[in-house]
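Shown next, in structure tokens, is the structure this report addresses.
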There are 2 protein chains.
Amino acid sequence: MLILGIDPGSGSTGYGVVESRSGRLRALAHGTIVPPPGLLFLDRLPHIAAAVETLVREVAPDGAAVEDVFHARNSRVALQLGHVRGAALLPLLRAGVPVHEYSPRLVKKAVTGSGAAEKEQVRRMVRLLLRLGDAPLALDASDALAVAICHAHSSPFPGFCEAAARA
Amino acid sequence: MLILGIDPGSGSTGYGVVESRSGRLRALAHGTIVPPPGLLFLDRLPHIAAAVETLVREVAPDGAAVEDVFHARNSRVALQLGHVRGAALLPLLRAGVPVHEYSPRLVKKAVTGSGAAEKEQVRRMVRLLLRLGDAPLALDASDALAVAICHAHSSPFPGFCEAAARA
């Protein structure tokens, strides 16, 4: 099973492709989508959508995973994040790739054992679980791999992540 | 000049096509995009994007106009509106159609003379300005036509709307 994790952000959108085979996980690719500097906000959206479209075409993922968002610092930030999330998820939705959403707490818990883990702690565990060694790993890409891992764990046993988060 | 006005909303997205020729305005089409009932929120986005994509292909607008949004009732509402706005504007941005944003106050002022006009008052003036008579006109479609009218007025003389809003 190929899972595309996405971490949409106004500045940088992380992505990570995780292969899950017989419970064994492997990172096939990860990185960040960063629109060219100097673009107006709306003009960043087609750049993000085109990059995700390319990923969908080249990876042909069986499913996608993304952190759910319910709150933001303020409505201005939420509005911007909504645009970016819409642009990033649209190519997946239009290609019929199922998009699964997991709460940030649930993702952290599934990867580190603690729902309150810091981003750096998540990155350390992502490195370990996917045997990435010391190769460079952007924080946004790490977050994208983390949500893909959470989906991989929850997928064969749908209750896994939810149970882990409650534990 | 053909202008596509768009009024993105979580439930219904209004659209209106206005032709501006020698300062004379004519409505070529208007309506609302309403995803089938029962769809999950994310699954509404491809429906909206596909409908706007069809409009872009069939109308080949010279420009698009949309109300700018800075505030929302809360961050949850803002996040949803951001997704819908991203999905609705993406086909325009990807097709290279220039997207122009106008504040709600500016649109109301340009159409009715008052920046504090009610939606019903805007609809009455849209009917008059575009000679639509008593034919049915959805409120969201009226708002889309209104922002297209604002763009038509401001376009040959970029300062028009801004000056009208300040007056």
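So that the names make sense, note that chain A is the first sequence line, chain B the second, and so on, each numbered from 1.
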Linking I/L/V/M/F/W/Y whenever any side-chain heavy atoms sit under 4.5 Å apart, do [X] and [Y] land together?
X	Y	value
B/Leu2	B/Leu93	yes
A/Leu92	B/Val52	yes
B/Leu39	B/Phe41	no
B/Val111	B/Ile6	no
A/Val59	A/Val66	yes

Which atoms of B/Val69 come close to chain A, meaning under 4.5 Å heavy atom to heavy atom: side chain ones, backbone ones, both, or neither?
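For B/Val69, heavy atoms of backbone and side chain both lie under 4.5 Å from chain A.
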
Is A/Leu90 in contact with chain B via its backbone, its side chain, both, or neither, using a 4.5 Å heavy-atom distance?
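The side chain, not the backbone.
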
Counting only heavy atoms closer than 4.5 Å, note whether A/Ala88 contacts chain B via side chain, backbone, both or neither.
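Contact with chain B: none, neither part.
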
At under 4.5 Å between heavy atoms, what parts of residues 72-83 of chain A are in contact with chain B? List them by residue number.
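Only A/Ala72, A/Asn74, A/Ser75, A/Arg76, A/Ala78, A/Leu79, A/Leu81, A/Gly82, A/His83 of residues 72-83 of chain A have a heavy atom under 4.5 Å from chain B.
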
Within residues 12-23 of chain B, residues adjacent to chain A where the heavy-atom gap is under 4.5 Å
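If one takes a 4.5 Å heavy-atom cut-off, no residue of residues 12-23 of chain B lies near chain A.
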
Pull out the residues in residues 24-31 of chain B that come under 4.5 Å of chain A, heavy atom to heavy atom, sorted by number.
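Under the 4.5 Å heavy-atom cut-off, nothing qualifies.
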
Where is the tightest heavy-atom contact between A/Leu42 and B/Val99, given as atom of each residue plus distance?
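Residues A/Leu42 and B/Val99, closest heavy atoms: CD1-CG1, 4.1 Å.
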
For residues A/Leu45 and B/Gly86, report the shortest heavy-atom separation together with the two atoms involved.
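Smallest interatomic distance, heavy atoms only, reads CD1-CA, 4.3 Å.
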
What pairs of residues pass the salt bridge (charged side-chain N to carboxylate O under 4.0 Å, His left out) test when at least one of them lies in residues 40-59 of chain B, not counting sequence neighbours?
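Found A/Arg94-B/Glu53.
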
